[in-house]
Amino acid sequence: MPIAAPRGTQDILPPESRRWQWLEECFRHHGALYGYREMRTPIFESTELFARGVGEETDIVAKQMYSFQSRGGDALTLRPEGTAGVVRAMIQHNLLAQGGVQKICYFGPMFRYERPQKGRYRQLHQVGVEAFGSPGPAIDAETLAFASDFLAAVGISDARLELNSVGCPACRPRYRDALRNALAGARTGLCTDCTRRYDTNPLRVLDCKVESCRTVTRDVPVILDMLCAECRDHLRGVEAGLRALGVPFVINPHIVRGLDYYTRTAFEFIAGGLGAQNTVLAGGRYDGLVAELGGPATPAIGFAAGIERLLMAAGEAAPAPPMAGPVFIATLGDAARAEGARLAQALRRAGVPAAISYEARSLKAQMKEAARQDARYALILGEDELARGDAMLRDMGAGEQTAVAVADIVTLLARRYAA
RNA sequence: GUGGGUAUAGCUCAGUCGGUUAGAGCGCCAGGUUGUGGCCCUGGAGGUCGCCCGUUCAAGUCGGGUUACCCACCCCA
């Protein structure tokens, strides 16, 4: 058996790669509309960054990281997500000292050691944004509008935005205690995972998918009723902003984030057609993270989306804009083939995509090759044409051909391809 | 980490009760057409039936194991 790509990774082959380029272009375009600038950070970072930035007790850090020791003895990890690296870079380069709002977008591969399945990979690719420096709900609404518009642009118009507030360090502990109290009586009805979560992170019981747990959590108090005044006002501000911007949403009090520096706004976009992995884009506010990583206290909000899932959810809706079909130069004889190569180069330098036959083959075989390459034109150059100083220019779509002087070909085709 | 499914040509898949030379469609190459793609006809190339072990006179087919992929749990994008 020859060597195969590692488990949970995949090769993005043409023409699928064209859809990736298209999606990345969509993302860049929307980023520019909303004032985001791209940042590129390393694919590996200090393991400690993720331990602190994502959280020691999360599954991602506890059992899904590709960690290794460098030859110099440093503990490093392939990034499992994008936010930690961006925040680290913002702090390291003192970009937050500039004041104002800083909007950063990024995309690239992330790595998580998970059991692969539909929509879940060990090397996944995300696009993401982070906005630093604005504490109010207006930027939350704008960020969600960005997400919604971006999804629509890539052909996912049926995604449902689910919104929640996870409170803040002032009100969340109070809710956590209330939740624990409410669950205490029904502990025996919880699944084994949730029995553990009851102690470690009771909020996570809320998004458990086991039926018995859902039954238990149906009547439990919701955080929305226990938010402090500031968090409640913030959420109302986000809702008002979304309505003003025309972004539909539903409140789902069961959306949670595991860590203390996630604050207030939390959201997910749910799309169909993805099986169990149906979250296509998710994010939230993390007003405590920059300070947690040693930077100046800075409010922030962001989201990330998995490219593989986006393309799956988009399905047929995601077009793969075809490249302009080339001019295929079919030649007969060594002298004509050499002239064809020169002609092709002249065409390319004039901005016209050109292809040639590298070997001596029958004209029929070359015409089939031209059709296979979806050529717009075939340029047929044989001994006779070479002697006359012209070539047959065949319109592959129309199936008509005319003789054109070699001297005029580049100018003529450059004009047609420019149109 | 747990469970289920699948594995035959480049791709998508047939393959009967275990039976002698493993098939189809698409794709590829060539010819029909001495210099013209798509449609048609003819021919050709291409296979360690995932891998190992076992049962049997005989295994693509049955059994065990293993690996990979897929799906679900879990977790998340």
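Residue numbers begin at 1 in each chain, while the letters A, B, ... track the order of the sequences.
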Subject >> Under-3.5 Å donor-acceptor pair between A:Arg361 side chain and B:rC29 base >> reply: no
Starting at atom [atom1] of [X], determine the distance to atom [atom2] of [N], rounded to an integer number of angstrom.
{"X": "A:Tyr113", "N": "B:rA77", "atom1": "OH", "atom2": "P", "result": "20 Å"}
{"X": "A:Arg7", "N": "B:rC70", "atom1": "CZ", "atom2": "P", "result": "8 Å"}
{"X": "A:Leu23", "N": "B:rA77", "atom1": "CG", "atom2": "C1'", "result": "13 Å"}
{"X": "A:Glu308", "N": "B:rC76", "atom1": "CD", "atom2": "C1'", "result": "13 Å"}
{"X": "A:Arg120", "N": "B:rG1", "atom1": "CZ", "atom2": "P", "result": "12 Å"}
{"X": "A:Ile380", "N": "B:rU36", "atom1": "CD1", "atom2": "P", "result": "9 Å"}
{"X": "A:Gln117", "N": "B:rG4", "atom1": "CD", "atom2": "P", "result": "16 Å"}
{"X": "A:Asp11", "N": "B:rG10", "atom1": "CG", "atom2": "C1'", "result": "15 Å"}

Original post:
Would you find a donor on one side and an acceptor on the other, under 3.5 Å apart, between the side chain of A:Gln373 and the backbone of A:Ala370?
Top reply: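 Looks like no, no N/O pair under 3.5 Å.
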Subject >> Stacked cation flag A:Arg285 on A:Tyr262, 6.0 angstrom / 45 deg >> reply: no
Original post:
Are A:Tyr286 and A:Tyr261 close enough that their ring centers fall under 6.0 Å?
Top reply: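 For A:Tyr286 and A:Tyr261, the ring centres are not under 6.0 Å apart.
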Subject >> Residue mapping more 5' on RNA chain B - nearest nucleotide basis, A:Arg115 or A:Arg394 >> reply: A:Arg115
Original post:
Relative to the 5' end of RNA chain B, which residue comes earlier, A:Gly306 or A:Met392, by the nucleotide with the nearest heavy atom?
Top reply: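 Result: A:Met392.
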Original post:
If you measure from the P atom in B:rU21 to the same atom in B:rG31, how many Å do you get, rounded?
Top reply: 34 Å
Subject >> A:Glu268 and A:Thr279: CA distance, side-chain angles, deciding distance, side chain to side chain donor-acceptor pair (under 3.5 Å) verdict >> reply: CA-CA 6 Å; A:Glu268 295 182 8; A:Thr279 299; 3.3 Å; yes
**OP:** With heavy atoms under 4.0 Å as the rule, sort A:Gln373 into base, sugar-phosphate or nothing.
**Re:** nothing
